[in-house]
Amino acid sequence: MRDPKTIAAKLFEGDRLALSRSISWAEDADPRFPKTLACIWERVGKARRLGVTGPPGAGKSTLVNELARHLREADRTVGILAIDPSSPFSGGALLGDRIRMEDRTKDSGVFIRSMASRESHGGLARASVDACDVMDAFGFDEILVETVGVGQAEYDIVGAADTVLVVLCPGAGDGIQAMKAGLLEVADILVVNKSDLPGADRLQTDLEEATHTRDIRRDGWEVPVVGVSAAKDEGLDKLLGAVDDHRAHLERVGLEAVRRQKRAQQVKRVVGERLDEELWGDGGLGGRVDSALNAGSTAYDIAELLLQDVLGGKLMAQTRDSKTEAAH
Ligand SMILES: Nc1nc2c(ncn2[C@@H]2O[C@H](COP(=O)(O)OP(=O)(O)OP(=O)(O)O)[C@@H](O)[C@H]2O)c(=O)[nH]1
Ligand SMILES: [Mg+2]
C-alpha cells in the first residue's frame, strides 16, 4: 500500500490504515499526498466540519469528547483531529488528550488522530485541511478539529472548518483576553464552558455585550453565546442546535461559495509555500542576495531587481504566450 491509487481504493473500502497513512503523507508534505487527494477528491465535501478552538485549558478536549458522544448517539460517524500547540513544553498535553478521548476509540464510528503542529512540514494550516479532506472522503459525517487558540492557529482553523466554536471559560482565559487575542473574530459560535463554575454568568453577559457592540456578524449571522458544562454534560444539545443553525445559515448564503473562498485561500497558501521553497531553497536566490549585499546595494534595490527577474520574466513570458495564442 505505497502508491496513491491503492491508498485511495483502500480508503474507499473503509480501511483505517489507508486513512492513517494518507494523513501522515499530508503531515509530512509527502509528494504522494497531492496525487492521493486527486484520487479521492470526488468524495470530498459531504462532511460537516466543526473547528473547536480557545485558550489552553478551556475544556476543548472535554467538549470535543462530549460532542462526539452526542453525535454518535444520533448515529453520526465522527472523525476527530486534535492538534497540539507547537510549544515544545506542551508535549504532555497530547497524551492527556489521548487518554481522555480513550472511551471513544473502541467505537468504529469514531476515528481520532493527533497531529503535532511542529512536525507538520510546511504548515499546520495546509496539513489540517488535508487531514480533514481525507477524513471527509473516508466518509465521516462529522469532522471535529481541536486546536489551541494561540497566535496563528485560530486563523488556520477557519480554513479547515465550516463552523468555528471558540471555547472560553471563567477565570484564566476570560473574555477580554479572548478579544485581545482576536479569538472573537474567528468565532461562529461562542461557547462559555465550565458553566458550573462561578463567574460563568458574568463571562456570558460580557460576551453577549461584546458580540453586540463589536458587531462581529458575517453575512447576517449573529454569533450566539452558548453556556455549557462539558464535564457535566450540560448544554450540549443546545450547542449542537446552534451548530445546526449555523449550518442552515451557511446553506442559505451558499455553503459552496463559502467553501470555495476558503479553497482559494488554500491555493494561495500552497503557491506561497512552493514559491518560498523555489526562491530560497537550494539553488535559489540566496547566493545572489549575498553578493549584491557585498557589493553595497540596499535591500530595496536588491529586492526590486530580484522581483523584476522572477516576476517580470515569468509575467512577460506569459503575456507573450497569450498574445501569440490570440494571434493564431
Ligand atoms: N468544572 C469544570 N471543569 C471542566 C469542564 N470542562 C473541562 N473541565 C476541566 O478543565 C480542564 C481542562 O480541560 P481540557 O478539556 O483538557 O481543556 P483543553 O482546552 O482541551 O486544554 P488544552 O488542549 O491543553 O489547551 C480539565 O481538568 C477538565 O476536567 C467543565 O465543564 N467544568
Ligand atoms: Mg485539549
Side-chain angles (χ1 to χ4, degrees), residues 50-71 78-105 110-120 124 127-128 131-132 143-157 160-161 163-175 177-178 180-184 186-187 189-204 207 225-240 242-243:
L50 200 60
V52 178
T53 189
K60 300 178 292 296
S61 299
T62 316
L63 184 66
V64 164
N65 200 37
E66 281 308 304
L67 285 172
R69 197 165 62 77
H70 278 252
L71 290 165
V78 185
I80 298 172
L81 182 66
I83 299 159
D84 74 333
S86 49
S87 149
F89 299 110
S90 63
L94 203 61
L95 192 63
D97 285 349
R98 273 258 167 85
I99 291 165
R100 239 170 284 128
M101 287 175 175
E102 193 70 5
D103 57 322
R104 303 266 70 79
T105 53
V110 172
F111 174 82
I112 300 173
R113 171 69 181 232
S114 301
M115 199 145 89
S117 41
R118 63 185 171 281
E119 280 158 24
S120 72
L124 171 65
S128 53
C132 287
I143 294 170
L144 308 178
V145 186
E146 177 196 339
T147 178
V148 75
V150 285
Q152 183 61 34
E154 69 260 22
Y155 295 101
D156 291 347
I157 205 169
T163 300
V164 176
L165 308 186
V166 169
V167 184
L168 302 169
C169 71
D174 70 12
Q177 263 178 316
K180 279 196 198 137
L183 270 171
L184 295 200
V186 301
I189 298 169
L190 282 167
V191 183
V192 175
N193 188 33
K194 311 196 188 182
S195 287
D196 53 296
L197 295 185
D201 289 346
R202 176 69 204 279
L203 176 58
Q204 176 135 2
L207 289 172
V225 184
V226 185
V228 304
S229 171
K232 294 188 186 290
D233 188 15
E234 284 166 11
L236 272 285
D237 287 331
K238 199 166 155 221
L239 178 56
L240 282 168
V243 172

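Start at 1 with the first residue, then count along the sequence. Whatever order the structure lists ligands and atoms in, that order sets their numbers, starting from 1.
- Taking a 4.0 Å cut-off on heavy atoms, E146 registers as neighbouring ligand 1.
- One distance of note links CD1 of I157 with CG of L50; it measures 8.5 Å at 0.5 Å rounding.
- The shortest N or O to N or O distance between A58 and ligand 1 is below 3.5 Å.
- Atom CG of L236 and atom NE2 of H70 lie 4.0 Å apart (nearest 0.5 Å).
- In this structure, the side chain of K238 does not engage the main chain of V226 through any donor-acceptor pair within 3.5 Å.
- Listed by number with element, the atoms of ligand 1 under 4.0 angstrom from any heavy atom of P56 are 25 (O).
- Which parts of ligand 1 touch S229 is read off a 4.0 Å heavy-atom cut-off, strictly below it: atoms 30 (C), 31 (O), 32 (N).
- Counting only non-hydrogen atoms, the option in V64, V52, T62, T147 that gets closest to atom 13 (O) of ligand 1 is T62.
- Going from atom CZ of R113 over to atom SG of C132 covers 12.5 Å, rounded to the nearest 0.5 Å.
- Of all heavy-atom pairs spanning K194 and A200, the tightest one is O-CB, 3.8 Å.
- The name of the N, O or S atom in E146 nearest to the Mg ion (ligand 2) is OE2.
- Residue-level proximity to ligand 1 for L63 is absent, since no heavy atom of it falls below 4.0 angstrom.
- When the side chain to side chain donor-acceptor pair (under 3.5 Å) test is applied to D201, no partner is found at least two apart in sequence or on another chain.
- No donor-acceptor pair under 3.5 Å is formed between the side chain of N193 and the backbone N or O of V167.
- The atoms of ligand 1 that sit less than 4.0 Å from any heavy atom of N193 are 5 (C), 6 (N), 7 (C), 31 (O).
- An N or O contact shorter than 3.5 Å links K60 to ligand 1 by distance.
- Counting atoms of ligand 1 from 1 in the listed order, those under 4.0 Å from a heavy atom of L197 are 1 (N).
- In summary, an N, O or S atom of S61 is located under 2.8 Å from the Mg ion (ligand 2).
- Side chain of T53 to main chain of V166: no donor-acceptor pair is present (N/O by atom type, distance under 3.5 Å, no hydrogens or angles).
- Inclusion of D196 in the set of residues having an N or O under 3.5 Å from an N or O of ligand 1 is warranted.
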